[in-house]
K.L.:
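My questions all concern the structure below.
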Amino acid sequence: MVPRRLGSFGVHDRERRNNTRASLTKLFAISLVTAFVGVFAINSADADTPERRQVEVLELKVQNDQYAYTDLDPKGPSLGDTYVYSGTAIKDGRSVGRGGGSCQVIHINGEELTTQCLITMELNRGSLTMQSLWVSGTSQLDMAITGGTGDFSSARGAVRYWDIATPKERVRAEILH
């Protein structure tokens with residue numbers, strides 16, 4: 001039997017197989033480490049994610065009891081004019097809280113007055129603060145809940161008022177806890 005001579009072709013072939021095997025081993029190791037790091041990162045991200053917030057819905061009637069309008073110079077609608085109001089929150093025919101706020105004219109376009117409105121509603125469990133822009137005379141107002149106190153200290157959400165400044169005025173608050 002004649003011994004086979006590897007020559008340069010055989011050596012390169014063996015080196016290529018060894019390099020391929022080494023490359024595949026490195027690729028497998030890198031993939032395994034990447035997968036491990038990815039799983040770790042996902043698990044830590046989940047650990048820092050807050051739980052889904054609960055939504056509490058309040059539907060109330062509003063009974064306005066006081067109202068004032070401050071007309072700054074010049075006479076008639078002008079920047080800075082302010083509406084101030086207060087009222088009682090009613091649920092099932094009985095008082096469940098009080099509230100009030102103000103709207104200040106910040107923009108005038110002909111007869112259209114845009115106001116910046118702030119309202120605080122105080123209930124047994126704490127108060128809710130709300131803020132929004134409102135075009136005077138429109139029948140509804142959507143406000144952001146910007147905070148609160150008591151059970152509402154971390155509250156966020158949205159509030160809609162309908163039939164503003166009428167005996168039918170009502171409010172719906174969707175509060176995220």
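Counting begins at 1 with the first residue of the sequence.
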K.L.:
Does Arg125 pair with Asp151 as a salt bridge, N-O distance under 4.0 Å?
P.N.:
yes
K.L.:
Please check if any side-chain donor atom of Ser127 sits under 3.5 Å from a side-chain acceptor atom of Thr120, or the reverse.
P.N.:
no
K.L.:
Kindly give the heavy-atom pair with the smallest separation between Thr129 and Gly148, and that separation in Å.
P.N.:
OG1-N, 4.1 Å
K.L.:
Going from CD on Glu174 to CD on Glu56, what distance comes out if it is rounded to the nearest 0.5 angstrom?
P.N.:
11.5 Å
K.L.:
Using the side chain to side chain donor-acceptor pair (under 3.5 Å) definition, which of the options Lys61, Arg98, Arg94 pairs with Thr88?
P.N.:
Arg98
K.L.:
Hey, does the side chain of Thr166 reach the backbone of Lys168 with a donor-acceptor pair shorter than 3.5 angstrom?
P.N.:
yes
K.L.:
Take Leu123 and Phe152 through the side-chain contact (heavy atoms from CB on, under 4.5 Å) test and state the conclusion after the steps.
P.N.:
CA-CA 10 Å; Leu123 304 166; Phe152 306 115; 4.2 Å; yes
K.L.:
Heavy atoms, side chains only, cut-off 4.5 Å: are Gln116 and Leu133 in contact?
P.N.:
yes
K.L.:
Hey, does Gln104 have a side-chain heavy atom less than 4.5 Å from the side chain of Asp81?
P.N.:
no
K.L.:
Tell me if the CD atom of Glu111 is crowded by more than 12 foreign heavy atoms within 6.0 Å.
P.N.:
no
K.L.:
Same cluster for Leu72 and Tyr69 if Ile/Leu/Val/Met/Phe/Trp/Tyr side chains link at under 4.5 Å?
P.N.:
no
K.L.:
Is any side-chain heavy atom of Asp163 less than 4.5 Å from a side-chain heavy atom of Val62?
P.N.:
no
K.L.:
Just so I know, are the side chains of Ile145 and Arg156 near enough to count as touching, which here means a heavy-atom distance under 4.5 Å?
P.N.:
no
K.L.:
Taking Val84 as the starting point, is it possible to reach Ile106 by hopping between hydrophobic residues whose side chains are less than 4.5 Å apart?
P.N.:
no
K.L.:
Side chains of Val105 and Pro77: closer than 4.5 Å at any heavy-atom pair?
P.N.:
no
K.L.:
Could you tell me if Asn64 and Tyr85 have a donor-acceptor pair between their side chains, going purely by distance under 3.5 Å?
P.N.:
no
K.L.:
If I compare all heavy atoms of Ile108 with all of Ser78, which pair ends up nearest, and what's the gap?
P.N.:
CD1-CA, 3.4 Å
K.L.:
Can you name the nearest heavy-atom pair linking Leu141 to Ser132, along with the distance?
P.N.:
CD1-OG, 3.8 Å
K.L.:
Kindly compute the distance separating OG1 (Thr149) from CD (Glu122), expressed to the nearest 0.5 Å.
P.N.:
7.0 Å
K.L.:
How close do Thr138 and Val135 get, heavy atom to heavy atom, and via which atoms?
P.N.:
OG1-O, 2.8 Å
K.L.:
For Glu59, is there an ion pair with Arg160 - N to carboxylate O distance below 4.0 angstrom?
P.N.:
no
K.L.:
In terms of side-chain geometry, is the basic nitrogen of Asp142 or Arg172 positioned less than 4.0 Å from the acidic oxygen of its partner?
P.N.:
no
K.L.:
Would you check, one step at a time, whether the test side-chain contact (heavy atoms from CB on, under 4.5 Å) holds for Ser136 with Tyr83?
P.N.:
CA-CA 10 Å; Ser136 294; Tyr83 306 91; 3.8 Å; yes
K.L.:
Under 4.5 Å between any side-chain heavy atoms of Ile175 and Val55, yes or no?
P.N.:
no
K.L.:
Considering all heavy atoms of both residues, which atom of Val96 and which atom of Leu60 are nearest to each other, and what is their separation?
P.N.:
CG2-CD2, 3.7 Å
K.L.:
Do Ile164 and Trp162 come within less than 4.5 Å of each other through their side chains, counting heavy atoms only?
P.N.:
no
K.L.:
Is there a path of hydrophobic side-chain contacts, each under 4.5 Å between heavy atoms of I, L, V, M, F, W or Y residues, that connects Val57 with Val171?
P.N.:
no
K.L.:
Would you say Thr82 and Thr70 are linked by a side-chain donor-acceptor pair, where the criterion is simply a distance under 3.5 Å?
P.N.:
no
K.L.:
Indicate the atoms forming the closest heavy-atom contact of Cys103 with Trp134, along with that distance.
P.N.:
SG-CE3, 4.4 Å
K.L.:
Membership question, hydrophobic clusters at under 4.5 Å side-chain separation (ILVMFWY): are Leu58 and Met143 in the same one?
P.N.:
yes
